[in-house]
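Worth knowing before you read on, the calculation uses all heavy atoms, side chains too, and leaves out hydrogens, waters and symmetry mates.
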Amino acid sequence: GSQASGTIAALYADFNSTVKKGQLLAQLDPSVAQAQVQQARANLAQAQAQLQQARTAVANSHAGVAQSRAGITDARARAAAAGSTTQNQQAAVVAAEANVNVLKAQLDDARSVLNQEQSLLQSGVISQREYLTAQTTYKTAEARYNQAVAQLRMAQLSAQSASGAGQTQAAAAVEQA
């Protein structure tokens, strides 16, 4: 048999009664077992909360160390940032130039396709709609190219002004440190 302890809530057989295999003899009061389950769940939740608090404490500790290190290197970072601003501006100019070159190639390709589509339209090989699609593609490529040229000009102006300002900022940051 099996054993279970607890308070009997209902008794379905008397002492010396004839019983059959599998017959329910008694029912235990479930409130004790339910209370134990609730207590175990509460203990689990408390342990999980303590684990989370410990993790948070470790993270805060790491953050404090990082913040201390950041304070030490802040002056160096400001000086480096002033110098890197100029480098970033120069890199932006190079990237803008590359973008202009890519978009110029796309514009040239779209112009070539448009010219071919115009010839095919005049020969009656393609429809007006196909020609208009090529024309729209060309106009879009042209607008993107013009926008890239304008962005290149802005990047060049920004790099020129950042070059002078960056040198002044770098000197000031080093003096403050």
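In this structure, Arg144 places its CZ atom where only 12 or fewer heavy-atom neighbours from other residues, nucleotides or ligands lie under 6.0 Å away.
Residues Tyr12 and Val19 have side chains not in contact (no heavy-atom distance under 4.5 Å, counting atoms from C-beta outward). For the pair Leu121/Glu130, no side-chain contact is recorded, criterion being any heavy-atom separation below 4.5 Å from C-beta on. Side-chain contact between Gln151 and Asn99: present, with at least one pair of heavy atoms (C-beta onward) separated by less than 4.5 Å. Side-chain contact check for Gln106 versus Leu103: some heavy-atom pair is nearer than 4.5 Å. Under the 4.5 Å side-chain criterion, counting only non-hydrogen atoms from C-beta, Val93 is in contact with Leu152. Proximity of Glu97 to Gln156: side-chain heavy atoms (C-beta onward) are separated by under 4.5 Å at one or more points. In this structure, the side chains of Val113 and Glu117 come closer than 4.5 Å at one or more pairs of heavy atoms.
The minimum heavy-atom distance between Ser31 and Asp29, with the atom names listed, is OG-OD2, 2.9 Å. Here the closest non-hydrogen pair linking Ala26 and Leu11 is CB-CD1, 4.0 Å.
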Please list, one pair per line, the donor and acceptor atoms closer than 3.5 Å that link side chains of residues 34-42 to other protein atoms, with sequence neighbours excluded.
{"residue": "Gln39", "atom": "NE2", "partner": "Asn43", "partner atom": "OD1", "Å": "3.0"}

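With hydrogens and angles ignored, the 3.5 Å screen pairs no side-chain donor or acceptor of Ser112 with any backbone N or O of Asp108. Judged by distance alone, with hydrogens and angles left aside, the side-chain atoms of Ser61 form no donor-acceptor pair with the main-chain N or O of Ala57 at under 3.5 Å.
Listed by chain and number, the residues in a side-chain contact (heavy atoms from CB on, under 4.5 Å) with Val125 are Leu120, Ser123 (sequence neighbours excluded).
When the side chains of ILVMFWY residues are joined at heavy-atom separations under 4.5 Å, either directly or via intervening members, Leu132 and Tyr138 end up in a single hydrophobic cluster.
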